[in-house]
Amino acid sequence: MAIRVIPCLDVSHGRVVKGVNFENLKDAGDPVELAEKYGQMGADEMTFLDVSASVENRGALLDVVRKTAEYVRVPLTVGGGVRSVDDVRSLLEAGADRVGINTAALSRPELLAEVAEEFGQVTTLSVDARREEGMPSGFGVTTHGGTKSAGMDAIEWAVRATELGAAQILLNSMDADGTTNGFDIEVIEKARSVLTVPIIASGGAGTAEHFVEAAKAGADAVLAASVFHFGMLTVREVKQTLADAGFEVRL
């Protein structure tokens, strides 16, 4: 399978924002315009994350999803504040191809099974992992933008989630997020050693070579935000570097 390159758009109040470890957020542009640009660049998919994820912003996010689905012809995953089967239905009806779930599944894991039963393989489970002493893998699950421990091992949770119905794992390193110092290779390798579903590596991309390192560690897809939003890299540059390293990509 070709390695997928996925721009991630963190959406707050209808705008794309980006910071370091979800702090000091900067405006990065209009989500529909950015999504259209990335589609033209050759992005394999796109991910929208509603980082404010409040009830009053749900309508704004659905409007962004509808407009994006109208103009952009690549698969779209949307997450942030998804708490129920009805939330999933609303996003899919608005034009999302997949739905990202995070905190709600930690609170009620059976939600993953309910979504799988109702809609099939549409769930991407987002795991915000951070190094944590006392965890079997050395990585714990975090919530609240990586600031609070959920008290569970990140790799064990990913395995359980796939057994419940998660179709793929978005593995986000909270230690590396927004730093541009490279993906956390150790957590990718540990996840790859036990997971059979696709792994999307997230957090830390700064150079095109970083994406190659993630693919070598076992990532099926590579996701980034800042390097694309602020012009440090293009999707085509990343794909060409992956191809030069011997990985199959859709050029």
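Count residues from 1 along the sequence.
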Original post:
How long is the span from the CE atom in Met152 to the CG atom in Leu106, to the nearest 0.5 Å?
Top reply: 5.0 Å
Original post:
In Å, rounded to the nearest 0.5 Å, how long is the span from CG of Leu195 to CD1 of Ile155?
Top reply: 7.0 Å
Original post:
Roughly how far apart are Asn102 CG and Leu125 CG, rounded to 0.5 Å?
Top reply: 6.5 Å
Original post:
Where is the tightest heavy-atom contact between Leu49 and Cys8, given as atom of each residue plus distance?
Top reply: CD1-SG, 3.9 Å
Original post:
With a 4.5 Å heavy-atom cut-off, do Ile199 and Arg192 have their side chains touching?
Top reply: yes
**OP:** Just grab all the salt bridge (Lys or Arg N to Asp or Glu O under 4.0 Å) pairs involving residues 99-108, residues at least two apart or on different chains.
**Re:** Arg108-Glu110, Arg108-Glu114
**OP:** Determine, using the 4.5 Å side-chain heavy-atom cutoff (strictly less than), whether Phe139 and Met135 are members of one ILVMFWY cluster.
**Re:** no
**OP:** Determine, step by step, whether Phe211 and Leu233 satisfy the side-chain contact (heavy atoms from CB on, under 4.5 Å) criterion, reporting the C-alpha distance in whole Å, the side-chain angles of both residues, the deciding distance to 0.1 Å, and the verdict.
**Re:** CA-CA 11 Å; Phe211 292 85; Leu233 290 171; 3.8 Å; yes
Subject >> Full working for side-chain contact (heavy atoms from CB on, under 4.5 Å) between Tyr38 and Val72 >> reply: CA-CA 9 Å; Tyr38 293 139; Val72 181; over 6 Å; no
**OP:** Would you please test Val115 and Val99 for side-chain contact (heavy atoms from CB on, under 4.5 Å) and show each step?
**Re:** CA-CA 10 Å; Val115 173; Val99 174; over 6 Å; no
Original post:
Do you know which two heavy atoms are closest between Ser202 and Asn172, and how far apart they sit?
Top reply: OG-OD1, 2.9 Å
**OP:** Would you name the heavy atoms of Pro31 and Arg15 that are closest together and state the gap between them?
**Re:** CD-CA, 4.1 Å
Original post:
Do Phe48 and Leu91 have side chains that get closer than 4.5 Å, going by heavy atoms?
Top reply: no
Original post:
Any side-chain heavy atom of Phe228 within less than 4.5 Å of one from Val5?
Top reply: yes
Subject >> Within residues 34-49 or reaching into it, pairs that qualify as salt bridge (Lys or Arg N to Asp or Glu O under 4.0 Å) - sequence neighbours excluded >> reply: Arg4-Glu45, Asp44-Lys239, Asp44-Arg250, Glu45-Arg98
**OP:** Let me know which of Leu76, Thr77, Val78 forms a side chain to side chain contact (heavy atoms under 4.5 Å, CB included) with Met46.
**Re:** Leu76
Subject >> Residue pair Asp175 / Thr179: nearest heavy atoms and the distance that separates them >> reply: O-CG2, 3.9 Å
Original post:
Minimum heavy-atom separation for Asp153 to Glu156, with atom names?
Top reply: OD2-N, 2.9 Å
**OP:** Can you see which heavy atom on Asp128 is nearest to which on Ser126, and at what distance?
**Re:** OD1-OG, 3.8 Å
Subject >> Audit row: Thr241, Val212, side-chain contact (heavy atoms from CB on, under 4.5 Å) steps and yes/no >> reply: CA-CA 7 Å; Thr241 303; Val212 174; 3.7 Å; yes
**OP:** Evaluate whether atom OH of Tyr71 has more than 12 neighbouring non-hydrogen atoms of other residues, nucleotides or ligands under 6.0 angstrom away.
**Re:** no
**OP:** Can you measure from CZ (Arg160) to CG (Leu112) and round to the nearest 0.5 angstrom?
**Re:** 9.0 Å
**OP:** Check whether any side-chain heavy atom of Val227 lies under 4.5 Å from a side-chain heavy atom of His210, and answer yes or no.
**Re:** no
**OP:** Group every Ile, Leu, Val, Met, Phe, Trp and Tyr by side-chain heavy-atom contacts under 4.5 Å, then state whether Val85 and Ile101 land in the same group.
**Re:** yes
Original post:
Rounded to the nearest 0.5 Å, how far does CG of Asp50 lie from CG of Leu9?
Top reply: 12.5 Å
Subject >> Cluster link Leu251 to Val74, ILVMFWY, side chain under 4.5 Å >> reply: yes
Original post:
Under 4.5 Å between side-chain heavy atoms, hopping through other hydrophobics if needed: is there a path connecting Val194 to Val127?
Top reply: yes
**OP:** Kindly write out the residues that satisfy side chain to side chain donor-acceptor pair (under 3.5 Å) with Arg131, not counting sequence neighbours, or none if the list is empty.
**Re:** Asp184, Glu186
Original post:
Residues in side chain to side chain donor-acceptor pair (under 3.5 Å) with Thr68, at least two apart?
Top reply: none
Original post:
Say you draw a straight line from CD1 of Ile185 to NZ of Lys190; how long is it, rounded to the nearest 0.5 Å?
Top reply: 13.5 Å
**OP:** Scan for salt bridge (Lys or Arg N to Asp or Glu O under 4.0 Å) pairs involving residues 118-127, sequence neighbours excluded, and state none if there are none.
**Re:** Arg89-Glu118
Original post:
Quick check: does any side chain N or O of His229 sit under 3.5 Å from a backbone N or O of Ser226, one acting as donor and the other as acceptor?
Top reply: no
Original post:
Which ILVMFWY residues are connected to Ile200, directly or by a chain of links, through side-chain heavy atoms under 4.5 Å apart?
Top reply: Ile6, Leu170, Leu223
